[in-house]
Asker: 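Below is one structure. I have some questions about it.
Protein chains get the first letters and strands the later ones, always in sequence-line order, with residue 1 at the start of each.
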2 protein chains.
Amino acid sequence: MSKNMQTELPGKTVERLSQYRRILYNSIREGKTNIYSHELANMMNLTPVQVRRDLMLIGYSGSQSKGYVIKDLVELIGKIIDSEHGQNIIIVGMGNLGRAITSYFSGKRDKLSIVAAFDNDLQKTDRIVGGIPCYHITQIKDVISKETVNIAILTVSPEATHEVAKKLLDAGIKGILNYTSVPLTVPEGIHLEEYDIVTSIEKLAYLVK
Amino acid sequence: MSKNMQTELPGKTVERLSQYRRILYNSIREGKTNIYSHELANMMNLTPVQVRRDLMLIGYSGSQSKGYVIKDLVELIGKIIDSEHGQNIIIVGMGNLGRAITSYFSGKRDKLSIVAAFDNDLQKTDRIVGGIPCYHITQIKDVISKETVNIAILTVSPEATHEVAKKLLDAGIKGILNYTSVPLTVPEGIHLEEYDIVTSIEKLAYLVK
DNA sequence: CGCTTGTTGATATTCTATTCACAATACCAA
DNA sequence: TTGGTATTGTGAATAGAATATCAACAAGCG
């Protein structure tokens, strides 16, 4: 048995694995069965070495003549990054961004499903929005425990961010993806990923300058 | 004269500068005039050392007793990351994500403005959407040259991504912020930042697992 | 004055990520 | 069989970021 199944993978590698898989699905759809590191690298704007290194880290071996077997590779990536029984996600804040993510995501990944949405606008609550039941924010705790959700995507207004984050933590959430412009702090053991759109625009503006 | 004005700043530092500034605006609004590294660090979920090192890199010095002068710091960050005469941005794809970004952004930064939006849906084009004139995608080249735009935010469907990216490059755009799930490659000298929502969700799911 | 506290600025260290360089292998063509 | 080409796998070097550590300094206080 490989030593890699338990070892921590570098964060960047995990991100790339997710993208390799998506690209490989496309290749399968086009009828390809094998792929070389440089092909995959081209499609993702990386170097072949980087691709090979990533695949090495997850313990996958290709052949010098045929490259990598796409089907096997996709399967292995699934073993590594998917959770066996699947994971439930909620999305808090059904503004434009919340709806965008929902529609992006719905039906794309079979091991991950967005099971509920929340908002504080009564016009949106207690009905189906984008195929997902939308509840009022006061019901977060109930739904989280009933559906065994451990991941939440935060797309609420800046003003509401701290209050909602607290609710999520109280309800026992294990990971938060924060798309608001307000930085959060979470206790030890909770995973937090922050992504701020304004920051990324300003960064690009700096680079272009 | 400091040597830092020209030297390349680390990417992560640039991102944090953008966020420092936004937080500092809030502090000013609350009447604060000075701030210590540990205060700023707490607000951003960083260590004080990290804050001081960032400020060191941009050549700003505080005082041991009073910390940093917020007003001066904000001004210096502006000098570093803003472009003197301002920059114009367009947003291509006015789906939920495009509209979300537009409303997030409008009026927030005075040196950066979203001057136009594009879509291929005739229902949306040739009218004002979210305060911004929305044109049909065929008019990209005209508008870019007329308004001297050098940054584009891409929020179109996966299918349209490559074609639209090509149009942008042809029109002479200098920086692309790619929010589609399709990786792009750009020629030397063009800046590209990619951010893929599905990837970030899968990464979080891996961490939580 | 001398001692204590809290802060900055800077250097050194550790950790993470990427790239370089090349051995080993498989295939093909002559 | 042999030489040539294209590929993978990986140790070593390098680059990029985060963290630890500490001297120097300012202010308050006995």
Asker: Would you please confirm or rule out a distance under 4.0 Å between OP1 or OP2 of C/dG9 and any side-chain N or O of B/Tyr68?
Answerer: yes
Asker: Rounded off to whole Å, could you give me the CG-to-P distance for the A/Asn34 and D/dT7 pair?
Answerer: 13 Å
Asker: Looking for any heavy atom pair under 4.0 Å, which part of the strands does B/Ser37 touch: base, sugar-phosphate only, or nothing?
Answerer: sugar-phosphate
Asker: As a test of understanding, state which of A/Arg16, A/Arg21, A/Lys111 forms a salt bridge (Lys or Arg N to Asp or Glu O under 4.0 Å) with B/Glu202.
Answerer: A/Arg21
Asker: On DNA chain C, nearest-nucleotide positions of B/Tyr36 versus B/Val49: which is more 5'?
Answerer: B/Tyr36
Asker: Starting at the 5' end of DNA chain C and moving along, which residue's nearest nucleotide shows up first, A/Lys12 or A/Lys66?
Answerer: A/Lys12
Asker: Please report, rounded to the nearest Å, how far the P atom of C/dC15 is from the CD atom of B/Gln50.
Answerer: 16 Å
Asker: Check whether any side-chain N or O of B/Ser65 sits under 4.0 Å from OP1 or OP2 of C/dT7, and answer yes or no.
Answerer: no
Asker: Distance check needed: D/dG9 P versus A/Asp54 CG, whole Å only.
Answerer: 13 Å
Asker: Quick one: A/Tyr60 OH to D/dT7 P, roughly how many Å, whole number?
Answerer: 17 Å
Asker: In this structure, how many angstroms lie between the P atom of D/dT7 and the CG atom of A/Asn42, rounded?
Answerer: 11 Å
Asker: Mind calculating the distance between CG (A/Leu57) and P (C/dA17) to the nearest angstrom?
Answerer: 10 Å
Asker: Given atom CD of A/Glu8 and atom C1' of C/dA17, what is their separation to the nearest angstrom?
Answerer: 16 Å
Asker: Does A/Arg53 make a side-chain donor-acceptor contact with the base of C/dT19, cut-off 3.5 Å?
Answerer: yes
Asker: Is B/Lys146 atom NZ crowded by more than 12 heavy atoms from other residues, nucleotides or ligands, each under 6.0 Å away?
Answerer: no
Asker: What pair of heavy atoms forms the shortest contact from B/Leu207 to A/His191, and how long is it?
Answerer: O-NE2, 3.2 Å
Asker: Just to confirm, is there a sub-4.0 Å distance from OP1 or OP2 of C/dG6 to any side-chain nitrogen or oxygen of B/Gln64?
Answerer: no
Asker: Nearest-Å distance, NE2 (B/His38) to C1' (C/dT8)?
Answerer: 13 Å
Asker: Does the B/Lys174 side chain pair with the main chain of B/Val149, one donor and one acceptor, at a distance under 3.5 Å?
Answerer: no
Asker: Would you mind checking if A/Arg22 and B/Asp196 are paired as a salt bridge, meaning a charged N to carboxylate O distance below 4.0 Å?
Answerer: yes
Asker: Within the 4.0 Å heavy-atom criterion, would you say A/Ser61 contacts the bases, only the backbone, or no part of the nucleic acid?
Answerer: sugar-phosphate
Asker: Taking the side chain of A/Met56 as its heavy atoms from C-beta onward, which of C/dA17, D/dT8, D/dT10 lies nearest to it?
Answerer: D/dT10
Asker: Among C/dT7, C/dA10, D/dT8, which nucleotide sits nearest the side chain of A/Arg52?
Answerer: D/dT8
